[in-house]
There are 2 protein chains.
Amino acid sequence: MRGLVKVFKALSDESRLRVLNLILERECCVCEVMQALEISQSKASRILSTLHDVGFLKLHKDGLWSLYSVDSDGMDAYLKEILTATRTALRNNRQMETDRERLKTAIRTGPGCVNRNAKVSVRRLSTSRKPMETTDES
Amino acid sequence: MRGLVKVFKALSDESRLRVLNLILERECCVCEVMQALEISQSKASRILSTLHDVGFLKLHKDGLWSLYSVDSDGMDAYLKEILTATRTALRNNRQMETDRERLKTAIRTGPGCVNRNAKVSVRRLSTSRKPMETTDES
DNA sequence: TGCATAAATGCAGGTTTATGCATATATGCT
DNA sequence: AGCATATATGCATAAACCTGCATTTATGCA
C-alpha cells in the first residue's frame with residue numbers, strides 16, 4: 001500500500017514525468033538528462049534517484065557515469081502495468097516529443113557539460129540555471 | 001501534461017486510494033464512505049471531489065445524497081488504462097479487502113450517520129473522529 | 001416556515017515536498 | 001599525489017498539501 005502511494009507520488013510531478021519519458025526512450029546518464037530538460041544537475045540527480053527508488057529504473061555505474069534505464073526485468077507486475085499506462089499517456093504530448101528530440105543532441109561529455117565546481121568559484125554565470133519554463137496541456 | 005500530473009497526484013495518497021477502491025466496488029454516497037473508512041465527513045467529501053475532478057468518478061445527486069460512481073463512460077482512454085492498472089495494484093491488499101468488507105455494513109441513513117450539526121453544540125464526543133490507524137504494505 | 005439531514009467549503013495549523021546552492025564523494029587520468 | 005569530471009547530498013526556504021473544526025449550502029419533510 002505505502003509502496004503504491006510512493007509510486008504515484010513519484011509520477012505526480014511534471015519534471016519527473018519528463019525524465020521518465022526520456023529514459024523510456026533510451027538509457028541516460030545524469031548529465032544527458034539535465035541537458036535535454038535544461039534543469040540543474042542536482043535536480044536531475046534527485047529525480048533519477050526517486051524514479052529508481054520506486055523501482056522504475058535500474059542503475060548501472062560505468063566509471064564516472066551513472067547510467068539509468070528502465071528496469072523491465074526487475075519490475076513487479078503491477079509496476080509494469082502502471083508504467084505502460086503512463087507511457088500511453090505520455091505518447092501524444094508535444095512537450096514530451098520535443099524533450100525526446102533534444103535528447104538526441106545531448107552529449108555525454110564535453111566542456112561545461114555538468115557543474116563548474118566550487119574550486120573555480122569565479123565565473124558562475126552561464127551554466128544553465130534557468131528556472132523551468134511553463135508548459136502546455138496534455 | 002498538467003492534467004496527467006493531477007491524476008497521479010490524486011492517486012498518491014493512501015486515503016484517496018482507499019476511497020477509490022470502495023467506489024470501484026459500487027456506487028457510494030459520502031456518508032457510506034466516511035463510515036466504511038472511519039474518516040471525517042469533510043475528508044470524505046473532499047476526497048470524493050478530488051477523484052471526481054480528475055475524471056475518475058461521476059456524480060449523481062439524488063435528493064440529499066451525492067452518489068459517486070466510477071465514470072466508465074466519460075473517461076478518457078488513458079485515464080481508463082491508469083485506473084485499470086491501479087485496480088490490479090489494489091486487488092491483493094489486506095487493507096483494501098477489509099475496507100470493502102466494512103462497506104457492506106455501511107448504511108445510507110440512520111441516527112448520527114453524518115455530522116451532528118452546530119445547532120446541537122453539546123455532545124460532540126462520540127462521532128467517529130479517530131485519527132486514521134496505520135496500515136500494512138502492498 | 002422551521003427543523004433535520006447530507007454534503008460542501010473557508011480557514012488555520014502542521015507537515016511534506018521541491019529546489020537552489022554549496023559541498024562532499026567517487027572515479028579516472030597524468 | 002593532484003586535478004578534473006560526474007554524481008550525490010545536507011541544508012534552508014518557499015510553496016503545496018492534508019486535515020480538523022466550524023459554518024454554509026442544499027434538500028426534504030412536517
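Given the structure is predicted, the values throughout are model-derived calculations rather than measurements.
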When rounded to the nearest 0.5 angstrom, what distance separates [atom1] in [X] from [atom2] in [Y]?
X       : Y        : atom1 : atom2 : answer
A:Lys9  : A:Arg16  : NZ    : CZ    : 9.5 Å
A:Ser66 : A:His60  : OG    : NE2   : 10.0 Å
A:Ile82 : B:Thr88  : CD1   : OG1   : 7.5 Å
B:Met96 : B:Glu101 : CE    : CD    : 14.5 Å
A:Arg87 : A:Lys80  : CZ    : NZ    : 12.0 Å

Open item on the list: Check this for me: does the side-chain of A:Gln41 come within 3.5 Å of the base of D:dA8 through a donor and an acceptor?
Closed with: yes
Task: Candidate pair B:Phe8 and A:Leu17, rule side-chain contact (heavy atoms from CB on, under 4.5 Å), full reasoning - done: CA-CA 10 Å; B:Phe8 285 128; A:Leu17 284 181; 4.2 Å; yes
Scan nucleotides 10-17 of chain D against the protein and return all N/O pairs shorter than 3.5 Å with their distances rounded to 0.1 Å.
{"residue": "D:dG10", "atom": "O6", "partner": "A:Arg46", "partner atom": "NH2", "Å": "2.4"}

TODO: Please tell me if the side chains of B:Met34 and B:Lys43 come closer than 4.5 Å, counting only heavy atoms from C-beta onward.
DONE: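 Sidechains of B:Lys43 and B:Met34: no contact.
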N/O (side chain, [X]) to phosphate O (OP1/OP2, [N]) under 4.0 Å:
X       : N     : value
B:Ser66 : C:dA7 : no
B:Tyr68 : C:dA8 : yes
A:Ser45 : D:dT7 : no

Atom-pair distance ([atom1] on [X]; [atom2] on [N]), nearest Å:
X       : N      : atom1 : atom2 : value
B:Met34 : D:dG20 : CE    : P     : 11 Å
B:Lys43 : C:dA8  : NZ    : P     : 16 Å
A:Leu51 : C:dA18 : CG    : P     : 11 Å
A:Leu11 : C:dA18 : CG    : P     : 12 Å
A:Glu14 : C:dA18 : CD    : C1'   : 13 Å
A:His60 : C:dA26 : NE2   : P     : 18 Å
A:Lys6  : C:dT17 : NZ    : C1'   : 14 Å
B:Leu59 : D:dA26 : CG    : C1'   : 13 Å

Out of [options], which nucleotide sits closest to the side chain of [X]?
X       : options               : value
A:Trp65 : C:dT19, D:dA6, D:dC18 : D:dA6
B:Asp13 : C:dA7, D:dC18, D:dG20 : D:dC18
A:Leu64 : D:dC18, C:dA8, C:dT27 : C:dT27

TODO: Give me the one residue out of B:Asn21, B:Leu24, B:Leu11 that meets side chain to side chain contact (heavy atoms under 4.5 Å, CB included) with B:Thr86.
DONE: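 That would be B:Leu11; it is the only one of B:Asn21, B:Leu24, B:Leu11 passing the side chain to side chain contact (heavy atoms under 4.5 Å, CB included) with B:Thr86.
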Open item on the list: Assess the residue pair A:Tyr78 and A:Val7 against the criterion (side-chain contact (heavy atoms from CB on, under 4.5 Å)); give the C-alpha distance rounded to whole Å, side-chain angles, the decisive distance to 0.1 Å, and a yes or no.
Closed with: CA-CA 11 Å; A:Tyr78 84 99; A:Val7 168; 4.3 Å; yes
Open item on the list: Pair B:Arg18, B:Leu22 - check side-chain contact (heavy atoms from CB on, under 4.5 Å), show working.
Closed with: CA-CA 6 Å; B:Arg18 291 176 67 200; B:Leu22 244 48; over 6 Å; no
TODO: Rounded to 10°, tell me the angle between the two end axes of the helix from C:dT1-D:dA30 to C:dA12-D:dT19, each built from five pairs.
DONE: 20°
